[in-house]
Undergrad: 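Below is a structure I'd like to ask you about.
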There are 2 protein chains.
Amino acid sequence: MAATIKEIAKIAKVSIATVSRALSNDPKVIEETKQLVLKVASDLNYNPNLLARNFVKRKSNLIGLILPDIADEFFSEIIRGVDDTALRSNYFTMVISSHKNRSLVESIQTLMGGGLAGGVIILIPYLSEDIKSALNNERIPFVIISGDNGLGSYSTISIDNYNAAYEMTQYLITQKNYTKIAFITGPADNNDAAIRQLAFKEACRNNGIRIKKSWIVEGNFSKESGEEACRKLIDSKDKPEAIFAANDMMALGCYEAIQSKGLKIPKDIGVVGFDDILLARFMNPPLTTVKVHINELGIMAAELLISKIENNNSSANRKIKVSSELVIRKSC
Amino acid sequence: MAATIKEIAKIAKVSIATVSRALSNDPKVIEETKQLVLKVASDLNYNPNLLARNFVKRKSNLIGLILPDIADEFFSEIIRGVDDTALRSNYFTMVISSHKNRSLVESIQTLMGGGLAGGVIILIPYLSEDIKSALNNERIPFVIISGDNGLGSYSTISIDNYNAAYEMTQYLITQKNYTKIAFITGPADNNDAAIRQLAFKEACRNNGIRIKKSWIVEGNFSKESGEEACRKLIDSKDKPEAIFAANDMMALGCYEAIQSKGLKIPKDIGVVGFDDILLARFMNPPLTTVKVHINELGIMAAELLISKIENNNSSANRKIKVSSELVIRKSC
DNA sequence: TACCACAATGTAAACGTTTACATTCCAACA
DNA sequence: TGTTGGAATGTAAACGTTTACATTGTGGTA
């Protein structure tokens, strides 16, 4: 039912090749013909069949965005960043966020193997071996958004976890004069979390601050884990003066643990986080944390991917880190 | 480079038609042949070219999801709901969230006209005339997520604004014995907001509560607008005893206005909101509000759309409301 | 005038699938 | 034994576009 170039050709009394050329702004077609074709096309309410176009050009203007199977306040910002950038280059964004029914590996395979997507952005906290091998089997370009440790051979976009966590630690030590600082880690298999922990340790070491083993306590990014970890910390005989939680949610858990004990933040104990979630500024007291320019993750990933797609995947693998900034509030 | 059915056919010594049939589980092909084909296909690491398939079948397994040009905590939940449901029926979800570069109407046209998407879900606070006419020009099925007032001829999925707001108002009146209740409205051109306001008024009227004109004050869903509106209310000589803000963000603004005046919630004045954003439970005091099952919006929309797609858009237009519940906390 | 070069347009093949229709083959039945 | 019917498979067209190559026409130059 929809108009095709064939019909346009018939009405405009030119060949379909000319129509195609006129529509794609080929300089070879004379202005007069072009105008005629354009006129007829708009009269017929013509829209190119993108399926046919992509098919014959053997490339897709779809970018696949694979998200982990957990909800997150930041996802919509990343999606927006990708989508915004993609649209600007005439690409569309396809999102796969659920892996309940199909494994992540399956998602990667259909998306990359089926030719549906011209390239894929994968947001993933940790690259397991089977995912790596699935990735290596595919020929379409892809970009990974993840904390980058040891992802040597891939193009990655990362939060600058190291510098941010280092800076925060340094701030606690040199500006706030804390000497007894605890750290609540993220999940063991999360790259971002691992780097934050590393940076914390190195910052302490470089500033001559002793890292007590029992002051590094494991969390998993959830509020509850932060609460529990914090309770351990403040119940011990040698209480730290400040707690650096690897993300804001756990910092929130710390607040609850601390305040339920009747202690005051920051008077009795300081707390800082990482992420600057929406909640952070409304906490009581407002949380000092690290703000990451999340949407840049999406923008950068899309830009890099598109350049790969348009250069036939030949561009070298790049490593991009997006900047962050300390946001000092009242929690320490 | 990727394997095609042609190569499979050659190796398996059958025709491409048989390959195609075997791969799509056509009962006509004998088990033995089918197994052979499947074996060869997997040996070759074959993935069907989805572009070609969609093209020839003249249908797309892509669902377009058009989001408004504003960020929102709930978007990722809606996306997830859509995506999850879509995947289950072998559809993919395409998101368009940015309209900086192209107008919403343009987005609708490329997506619907180009055949790229088999159907479209549009999340939009208010259906303007030009959007309606763009919609009416297209032949692909679509579903609208929006507060439904006067969208008679479309399939819509809505939050049950009316009942929720009515119930909340009734709660304030009958359970909490407030008689002087103010309402802060949402933006004028937002269907959801309009319905909440209507329900508030009717609930008051039906319970014999006087609605003072100056107690209905305009907001725009932003925190700042809530703050400003609230200031107007508490500065007036005839102060209300409770404020019903049309969303949580404005309720948060109310908190700030009220607390900066040294007044206490709920002792001096009650505040309730709508949405149950993440923040709500952590506010001080925790906010009484309305919780909507947001992900159901996405699920329902996707289910309805897919049934339309698979029935050639012939199903009648339906109206679905997703339920909500009062969540009683400590703010009134 | 004859020829060439190049600009504008046309012709037709190609992309990978699905599927209507054609063919083959075999079993069942008269 | 011959015929019929249906099951299994094959052949080829079709989908809407792009594009390599072919054709035509025009103006300039020798």
Side-chain angles (χ1 to χ4, degrees), chain A residues 1-38 40-41 44-62 90 110 112-118 139-140, chain B residues 1-38 40-41 44-62 90 110 112-118 139-140:
Chain A
M1 204 59 177
T4 69
I5 52 170
K6 231 181 243 173
E7 302 170 43
I8 299 180
K10 188 145 55 154
I11 297 183
K13 294 195 206 317
V14 294
S15 72
I16 58 164
T18 303
V19 174
S20 172
R21 284 191 271 253
L23 291 173
S24 55
N25 249 312
D26 189 318
K28 283 191 173 170
V29 9
I30 209 171
E31 187 60 24
E32 194 188 331
T33 323
K34 188 167 129 189
Q35 290 310 328
L36 171 63
V37 169
L38 258 32
V40 175
L44 289 182
N45 226 319
Y46 171 78
N47 273 113
N49 182 323
L50 299 179
L51 247 32
R53 176 169 5 223
N54 285 343
F55 168 52
V56 63
K57 290 191 132 180
R58 232 146 323 164
K59 61 154 215 144
S60 161
N61 63 339
L62 248 39
N90 274 310
T110 23
M112 301 186 92
L116 235 201
R139 290 165 310 284
I140 341 183
Chain B
M1 206 55 177
T4 69
I5 52 169
K6 233 180 240 172
E7 302 169 43
I8 299 180
K10 189 147 52 160
I11 297 181
K13 295 199 203 318
V14 294
S15 72
I16 57 164
T18 303
V19 175
S20 172
R21 283 191 272 254
L23 291 173
S24 55
N25 249 311
D26 189 318
K28 283 192 177 172
V29 8
I30 210 172
E31 188 60 25
E32 194 189 329
T33 323
K34 188 167 127 188
Q35 290 310 328
L36 172 63
V37 170
L38 257 32
V40 175
L44 290 182
N45 225 320
Y46 171 77
N47 272 114
N49 182 322
L50 299 179
L51 247 32
R53 195 206 299 257
N54 284 343
F55 168 52
V56 64
K57 290 191 130 181
R58 232 145 324 162
K59 60 154 213 144
S60 162
N61 64 338
L62 248 39
N90 276 309
T110 22
M112 302 187 90
L116 235 201
R139 289 164 310 284
I140 338 182

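Side chains are part of it too, since the values below use all heavy atoms of this structure and drop only hydrogens, waters and symmetry mates. In the text below, chain A, chain B and the rest are named by the order of the sequence lines, each starting its count at 1.
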Undergrad: For Watson-Crick and G-U wobble pairs within 3.5 Å on both distances, what is DNA chain D written in dot-bracket notation, | included for inter-strand pairing?
TA: ||||||||||||||||||||||||||||||
Undergrad: What is the distance from CD of A:E32 to C1' of C:dA7, rounded to the nearest Å?
TA: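 The distance from CD of A:E32 to C1' of C:dA7 comes to 15 Å, rounded to the nearest Å.
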Undergrad: Looking at A:V29 and A:A22, what are the two nearest heavy atoms and their distance?
TA: CG1-N, 3.8 Å
Undergrad: Kindly compute the distance separating CG (B:L50) from CG (A:N54), expressed to the nearest 0.5 Å.
TA: 12.0 Å
Undergrad: Sequence neighbours left out, what passes side chain to side chain donor-acceptor pair (under 3.5 Å) with B:E32? Give chain and number order.
TA: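 Testing B:E32 for side chain to side chain donor-acceptor pair (under 3.5 Å), a comparison that skips the adjacent residues, returns none.
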Undergrad: Between A:E7 (CD) and D:dG16 (P), how many Å, whole number?
TA: 9 Å
Undergrad: State, to 0.1 Å, how close B:S60 and A:L51 come at their nearest heavy-atom pair, and which atoms those are.
TA: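 Here B:S60 and A:L51 meet closest at CB-CD2, 4.4 Å.
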Undergrad: Within the structure, does a side-chain N or O atom of A:S15 lie under 4.0 Å from either OP1 or OP2 of C:dG10?
TA: yes
Undergrad: When the distance from NZ of B:K57 to C1' of C:dA20 is rounded to whole Å, what number comes out?
TA: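 The distance from NZ of B:K57 to C1' of C:dA20 comes to 15 Å, rounded to the nearest Å.
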Undergrad: Minimum heavy-atom separation for A:N25 and A:K34, please, with both atom names.
TA: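 Closest pair (atom of A:N25, atom of A:K34, distance): OD1-NZ, 2.8 Å.
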Undergrad: Which of residues 19-31 of chain B have a heavy atom under 4.0 Å from DNA chain C?
TA: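 Going residue by residue through residues 19-31 of chain B, the ones with a heavy atom under 4.0 Å of DNA chain C turn out to be B:S20, B:R21.
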Undergrad: Dump every N/O contact between nucleotides 23-25 of chain D and the protein below 3.5 Å, one line per pair.
TA:
none

Undergrad: When rounded to the nearest 0.5 angstrom, what is the spacing between CD1 in B:I5 and CZ in B:R53?
TA: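 Separation between the atoms: 9.5 Å.
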Undergrad: Rounded to the nearest angstrom, tell me the gap between atom CD1 in A:I5 and atom C1' in D:dT19.
TA: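 Nearest whole value for this atom pair: 11 Å.
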Undergrad: Working to the nearest 0.5 angstrom, can you tell me the gap between B:L116 CG and B:T110 OG1?
TA: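 Rounded to the nearest 0.5 Å, the CG-OG1 separation comes to 8.5 Å.
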Undergrad: To the nearest Å, give me how far apart CG (A:L36) and C1' (C:dA8) are.
TA: 14 Å
Undergrad: Atom CG of A:L44 and atom CD1 of A:I8: how far apart are they, to the nearest 0.5 Å?
TA: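 With rounding to 0.5 Å, CG (A:L44) is 6.0 Å from CD1 (A:I8).
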Undergrad: CD1/A:I16 to OG1/A:T4 distance, rounded to the nearest 0.5 angstrom?
TA: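 It comes to 9.0 Å.
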Undergrad: Using whole Å, report how far NZ of B:K59 lies from C1' of C:dT19.
TA: 15 Å
Undergrad: Name every residue in residues 44-56 of chain B that has at least one heavy atom under 4.0 Å from any atom of DNA chain D, in order of residue number, or write none if there are no such residues.
TA: B:F55, B:V56
Undergrad: Sort out for me which residue in B:V14, B:L36, B:T33 forms a side chain to side chain contact (heavy atoms under 4.5 Å, CB included) with B:V19.
TA: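 The single option meeting the side chain to side chain contact (heavy atoms under 4.5 Å, CB included) with B:V19 is B:V14.
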Undergrad: So which heavy atom on A:R139 is nearest to which on B:A2, and how close?
TA: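 Closest heavy-atom pair between A:R139 and B:A2: NH2-CB, 3.6 Å.
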Undergrad: Can you tabulate the close N/O pairs, meaning under 3.5 Å, that link protein atoms to atoms of nucleotides 4-6 of chain D?
TA:
none

Undergrad: Output the distance between atom CG (A:L38) and atom CG (A:L23), rounded to the nearest 0.5 Å.
TA: 6.5 Å
Undergrad: Shortest non-hydrogen contact from B:A117 to B:I140?
TA: O-CD1, 3.4 Å
Undergrad: Looking at every heavy atom in both B:F55 and A:A52, which two are closest together, and how far apart are they?
TA: CE1-CB, 3.4 Å
Undergrad: Starting at CD1 of B:I16 and ending at P of C:dT18, how long is that distance when rounded to a whole Å?
TA: 10 Å
